[in-house]
Amino acid sequence: MTTDALHARAEQLGILTSYHDVNGVLHHADDTTIAHVVAVLEADEASARSTVRFAPSLHLASAGPIVVGARVAEANLTVAGHPIDAAVTHGDDHDTVDVPTELPWGCHLLRFDTDRGPGETVVVVAPPTMPRNERFDGTGGLFAPTYALWERERPLPSFAHLHELARVAKVNGLNVVSTLPLYATYLDDPFDPSPYSPVSRLHWNEVYLDDTGLPPAPMPAIDELIGWRSLAARRRRQLVDAVALLSPEMQDQITAFGVAHPDMGAYARFRAGRDAGGDFVVEQSHLLAQYLADQQLGAIRDDPDAAALALDLPIGSHPQGYEVWADPSMFAPQMSVGAPPDSFFADGQNWGFPPPMPAAMHASGHRLWRHLIERVGRHADILRIDHAMAVHRLWWVPDGFSATQGVYVTYQRDEILAVIAASAAAAGLTIVGEDLGTVPDEVSEAFQHWDVLGMYEEQFHMDDEHLMHIPARSVAGIRTHDMEPIADLVATTDTGAYRKRLGDAHGCDIAARWDDVVDQMLVRLSWSDAYLVIADLDDLLGERRPHNLPGRVGPELWSRRLERPTSETLDDPDVRRRLATLAHRRDDPDANTRSST
């Protein structure tokens with residue numbers, strides 16, 4: 001194949017043969033990389049075409065009736081678990097199935113029988129804009145990793161501690177508690193405690209289960225860092241022992257849970273298949289873990305005295321994880337997702353997990369996206385989609401190639417956003433798209449069209465010439481968990497120009513002390529037009545150690561506990577004063593003037 005022919009085929013398959021970096025420099029993709037990716041995408045398309053279809057795999061309800069290239073005998077649409085008949089109009093060379101009017105928001109499965117066999121279509125009923133709950137508009141929230149939370153009598157991290165944090169946050173006038181992803185991770189072999197490399201984005205981390213109701217077990221040694229391996233091994237033993245102690249009533253509840261959520265049983269079989277001695281008891285222990293996690297997380301959302309839960313959705317999952325095992329055709333073989341070189345990573349990044357296959361995802365009606373949103377919506381009110389540009393494009397890196405040799409592959413952006421909006425609306429979920437850094441114009445335009453909440457982090461803008469107006473269509477904060485703690489930044493960097501600008505806007509002098517800077521940052525954020533402001537608990541404490549250092553691996557990452565028990569930490573007068581700033585947002589009559597100065 002000639003170079004021109006290769007590039008033409010690549011463009012047909014959605015491969016970007018060139019791209020502009022953050023500085024506007026044009027980069028051309030390596031032809032060898034393009035050839036590898038073309039081969040994978042051609043196989044993806046061929047596999048999707050091999051399934052005989054009489055109707056589109058996905059249909060927007062707003063587009064009218066569904067055209068079926070066969071004689072339809074009957075059709076029904078499943079809405080909220082109940083089938084309803086759909087009207088069929090027969091034609092000379094095709095039939096049409098009418099989409100009922102006034103369907104609820106969501107993705108509904110249309111099944112039909114024809115003279116050429118059965119078929120199905122996912123009917124997407126999406127709101128005109130991305131869902132957003134008005135009760136969070138103009139409010140404040142608090143972020144803390146769940147693994148950091150503890151109490152003296154209960155030193156292990158747990159969903160129960162997260163629940164208590166949500167209750168204390170509500171008492172302090174905050175409407176939201178945000179935390180890192182709570183999904184299952186590999187904590188034995190392989191070992192990867194990063195919450196952004198989960199075993200599955202559909203199943204919860206059993207280490208966070210509360211000890212209450214589980215067989216007693218010796219308490220492991222606890223210091224400032226979580227010992228993930230020992231905690232995971234302890235929890236495994238508890239859950240296996242617990243299976244033998246289940247009452248008949250409890251066993252019936254767990255069985256019913258597995259029937260209602262078939263993927264839970266599949267996940268239990270997957271995990272048991274990897275465990276040493278993974279027999280039926282081990283399989284049941286994994287199902288028990290998911291049942292208990294569902295109960296404990298559900299208790300947070302059902303508690304009227306608790307702040308709403310905001311969760312994070314990672315961009316992908318572990319290459320040896322459940323998602324690839326359960327649906328391998330959905331993921332590109334011998335490819336990884338990463339990022340091209342930039343000012344922080346001169347050699348680019350390879351994140352290690354496989355990218356989704358565009359044709360397979362479309363043919364499934366974006367089944368994985370639907371299930372991800374639905375699962376989070378059982379327990380959370382807000383979902384932040386990490387690296388939200390993934391709805392438009394991902395950087396593919398072939399195995400054996402450096403991250404600098406990757407290439408961008410595009411996805412069906414508009415239909416993915418429609419599926420997310422429909423699924424989120426059905427679940428009552430507010431969607432936030434992580435859009436920090438370099439954002440393609442196509443993504444900015446799409447997010448504006450869908451009115452997607454983005455993110456604003458003050459620390460990104462400390463070197464700007466002027467104080468930036470904080471957008472109303474944003475969830476704002478001081479920084480993200482991947483950034484340097486503000487206390488460390490103030491201690492090691494000259495922030496004089498920023499402090500001068502901020503002090504002039506607020507009519508005060510700001511000393512080169514972390515607490516003075518944080519206090520005035522919180523005032524600026526609280527006065528802003530942002531939909532929601534969330535502060536990192538570490539920044540309220542002056543913590544200088546990071547949660548994570550992108551591109552690095554170490555025992556201190558994703559494992560640091562609070563120095564003091566959570567209740568004592570939140571009872572600190574300075575912390576309570578800073579929480580009050582967030583709780584009383586927009587109370588100042590000159591707020592709009594000051595926040596945009």
Side-chain angles (χ1 to χ4, degrees), residues 48-131 202 255-266 326-327 329-330 359-378 412 414-429 431 450:
R49 286 195 304 267
S50 67
T51 301
V52 178
R53 290 192 172 276
F54 322 122
S57 57
L58 184 141
H59 180 82
L60 298 180
S62 58
I66 300 167
V67 176
V68 182
R71 192 75 171 178
V72 180
E74 63 176 345
N76 65 75
L77 192 66
T78 301
V79 178
H82 302 288
I84 59 175
D85 291 335
V88 177
T89 301
H90 299 294
D92 294 334
D93 57 355
H94 66 267
D95 287 358
T96 57
V97 178
D98 292 336
V99 177
T101 58
E102 299 182 1
L103 285 173
W105 304 130
C107 297
H108 313 296
L109 187 61
L110 174 73
R111 292 187 174 93
F112 47 86
D113 291 320
T114 77
D115 57 351
R116 298 175 60 189
E120 62 182 38
T121 294
V122 175
V123 178
V124 179
V125 187
T129 58
M130 201 61 70
L202 293 165
T255 300
F257 176 74
V259 171
H261 307 284
D263 68 284
M264 295 293 187
D327 217 344
S329 65
M330 293 293 157
M361 295 290 282
H362 169 79
S364 73
H366 297 288
R367 179 172 58 240
L368 182 57
W369 273 111
R370 289 185 278 122
H371 290 175
L372 292 172
I373 301 297
E374 177 187 357
R375 182 56 45 81
V376 173
R378 284 178 60 82
Q412 304 93 341
D414 293 332
E415 66 184 38
I416 292 174
L417 287 170
V419 166
I420 293 174
S423 301
L429 198 58
I431 297 293
W450 280 95

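The basis for the numbers below is simple: all heavy atoms, side chains too, and nothing from hydrogens, waters or symmetry mates.
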Shortest non-hydrogen contact between [X] and [Y], atoms and distance:
| X | Y | answer |
| --- | --- | --- |
| Gly365 | Val122 | CA-CG2, 4.1 Å |
| Ala425 | Trp105 | CB-CB, 3.5 Å |
| Gly117 | Phe54 | O-CE1, 3.4 Å |
| Ala421 | Pro127 | O-CD, 3.7 Å |
| Ala422 | Val125 | CB-O, 3.3 Å |
| Arg53 | Glu120 | NH1-O, 3.7 Å |

Please check this pair: side chain of [X] against backbone of [Y], looking for a donor-acceptor N/O pair closer than 3.5 Å.
| X | Y | value |
| --- | --- | --- |
| Thr78 | Gly81 | no |
| Asp113 | Glu74 | no |
| His59 | Val67 | no |
| Asp95 | Val72 | yes |
| His94 | His90 | no |
| Thr96 | Ile66 | no |
| Arg370 | Gly106 | no |

Report yes if some heavy atom in the side chain of [X] is under 4.5 Å from a heavy atom in the side chain of [Y]; otherwise report no.
| X | Y | result |
| --- | --- | --- |
| Arg116 | Arg71 | no |
| Leu368 | Asp327 | no |
| Ile84 | Asn76 | no |
| Asp263 | Arg375 | yes |
| Gln412 | Leu58 | no |
| Arg111 | Leu109 | yes |
| Met361 | Glu415 | no |
| Val419 | Ser423 | yes |

So, taking the atom named [atom1] in [X] and the one named [atom2] in [Y], what distance separates them when rounded to the nearest 0.5 Å?
| X | Y | atom1 | atom2 | answer |
| --- | --- | --- | --- | --- |
| Thr129 | Trp450 | OG1 | CH2 | 8.0 Å |
| Cys107 | Arg367 | SG | CZ | 13.0 Å |
| Leu103 | His108 | CG | NE2 | 5.0 Å |
| Leu77 | Asp98 | CG | CG | 11.5 Å |
| His366 | Leu372 | NE2 | CG | 12.5 Å |
| Ile416 | His362 | CD1 | NE2 | 10.5 Å |

Tested for side-chain contact (heavy atoms from CB on, under 4.5 Å) against Val99, the lone hit among Val123, Thr121, Leu60 is Val123
